Student: 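Here you go, one structure.
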Amino acid sequence: MFKKEEVLRWAELLDQVSMEYETAVVPFFEEDYLREFYDWFRIKKRDQKLVPAEEGFAEALRDLSGESVWQPIADKTQRLFGLPKRVCVFEDAAALRDELGGRKGLAPFFFVFDLMFCEYEGFTLCFLSGTNN
């Protein structure tokens with residue numbers, strides 16, 4: 001099991017790599033990481049449901065980040081953290097993407113395209129793709 005300080009340090013390293021490909025990484029440590037996510041981004045509409053991703057980590061990351069850029073993010077993630085126990089996505093993230101993006105959005109991007117959560121023992125990594133262009 002990783003120590004919180006290690007996760008924070010390694011997540012920062014992963015975020016530096018992934019942001020080159022317009023994908024942010026945010027670690028969450030509470031068991032109810034969805035609530036922590038809502039609080040972190042100050043989400044008002046909290047009725048979205050998480051479901052396990054139909055595909056594995058690599059395929060879900062490819063869908064999230066894009067065919068041409070997912071591999072460096074996946075490689076760095078696996079080197080630092082290994083494969084997640086489970087990958088979850090929102091059943092319907094349209095309203096959430098609208099709330100996160102745009103002029104009043106709180107995400108690291110103006111346009112938010114997709115999100116996924118990778119669950120590990122003791123923490124969860126949130127991957128969020130988007131752009132400011």
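Numbering of residues begins at 1 and proceeds along the displayed sequence. These values consider heavy atoms only, across backbone and side chains, with no hydrogens, waters or symmetry-generated copies. Every value quoted in this text rests on a predicted model; they were computed, and no experiment measured them.
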Student: Please name all residues satisfying salt bridge (charged side-chain N to carboxylate O under 4.0 Å, His left out) with E119, sequence neighbours left out, ordered by chain then number.
Tutor: R86

Student: Tell me whether L100 shares a hydrophobic cluster with M19, the cluster being built from Ile, Leu, Val, Met, Phe, Trp, Tyr side chains joined at under 4.5 Å.
Tutor: yes

Student: What pair of heavy atoms forms the shortest contact from G130 to F113, and how long is it?
Tutor: CA-CD1, 3.5 Å

Student: Could you tell me if the ring centre of Y33 sits under 6.0 Å from that of F37?
Tutor: no

Student: Any cation-pi pair here, K4 with F123, using under 6.0 Å and within 45°?
Tutor: no

Student: Under a 4.5 Å cut-off applied to non-hydrogen side-chain atoms, are T124 and L34 in contact?
Tutor: no

Student: For E12, look at atom CD and say whether over 12 heavy atoms of other residues, nucleotides or ligands are found less than 6.0 Å away.
Tutor: no

Student: Under the 3.5 angstrom rule, does the side chain of D15 hit a backbone N or O of A24 as a donor-acceptor pair?
Tutor: no

Student: Report yes or no: does S18 contribute a side-chain atom to a donor-acceptor pair with the main-chain N or O of T23 at less than 3.5 Å?
Tutor: yes

Student: Would you say L115 ends up clustered with F29 if hydrophobic residues are merged whenever their side chains have heavy atoms under 4.5 Å apart, either directly or through other cluster members?
Tutor: no

Student: Restricting to non-hydrogen atoms, name the atom on A11 and the atom on F81 that form the minimum distance, rounded to 0.1 Å.
Tutor: N-CZ, 3.7 Å

Student: Between P72 and V17, which heavy-atom pair has the shortest distance, and what is it?
Tutor: O-CG1, 4.3 Å

Student: Look only at the side chain of E99 and the backbone of K44, and say whether a donor-acceptor pair between them is shorter than 3.5 Å.
Tutor: yes

Student: Treating T77 as the side-chain partner and I73 as the backbone partner, does any N or O pair qualify as donor plus acceptor under 3.5 Å?
Tutor: yes

Student: Considering residues at least two apart in sequence or located in another chain, which fulfil the salt bridge (charged side-chain N to carboxylate O under 4.0 Å, His left out) criterion with K85?
Tutor: E121

Student: Between V89 and L50, is the side-chain contact (heavy atoms from CB on, under 4.5 Å) condition met? List the steps.
Tutor: CA-CA 5 Å; V89 295; L50 282 178; 5.7 Å; no

Student: Quick one: do L125 and Y21 end up in the same hydrophobic cluster if we chain Ile, Leu, Val, Met, Phe, Trp and Tyr together by side-chain heavy atoms under 4.5 Å apart?
Tutor: yes

Student: Checking S65 side chain against R62 main chain: does a donor-acceptor pair fall under 3.5 Å?
Tutor: no

Student: Kindly write out the residues that satisfy salt bridge (charged side-chain N to carboxylate O under 4.0 Å, His left out) with R46, not counting sequence neighbours, or none if the list is empty.
Tutor: D39

Student: Any idea how F117 and F28 line up, ring-wise: parallel (<30°), tilted (30 to 60°), or perpendicular (>60°)?
Tutor: tilted

Student: Using the rule that Ile, Leu, Val, Met, Phe, Trp and Tyr join whenever any side-chain heavy atoms are under 4.5 Å apart, tell me whether L80 and V26 fall into a single cluster.
Tutor: no

Student: Given the rule in the side-chain contact (heavy atoms from CB on, under 4.5 Å) test, do K45 and Q48 qualify, once you have shown the distances and angles that lead to the verdict?
Tutor: CA-CA 8 Å; K45 299 174 187 171; Q48 297 85 1; 4.1 Å; yes

Student: If hydrophobic clusters are built by linking Ile, Leu, Val, Met, Phe, Trp and Tyr wherever their side-chain heavy atoms come under 4.5 Å apart, do L96 and W40 end up in the same one?
Tutor: yes

Student: Quick one: does L14's side chain get under 4.5 Å of F127's, heavy atoms only?
Tutor: yes

Student: Does some side-chain heavy atom of V51 sit less than 4.5 Å from a side-chain heavy atom of C88?
Tutor: no

Student: Return yes if some donor-acceptor pair links the side-chain N/O of S129 with the main-chain N/O of L64 below 3.5 Å, else return no.
Tutor: yes

Student: Less than 6.0 Å separating the ring centroids of F2 and W10?
Tutor: yes

Student: If you apply the rule side-chain contact (heavy atoms from CB on, under 4.5 Å), what do you find for M116 with L61, and how did you get there?
Tutor: CA-CA 8 Å; M116 76 178 206; L61 187 58; 4.0 Å; yes

Student: Of all the heavy-atom pairs spanning L83 and Q78, show the shortest one and how long it is.
Tutor: CD2-NE2, 2.9 Å

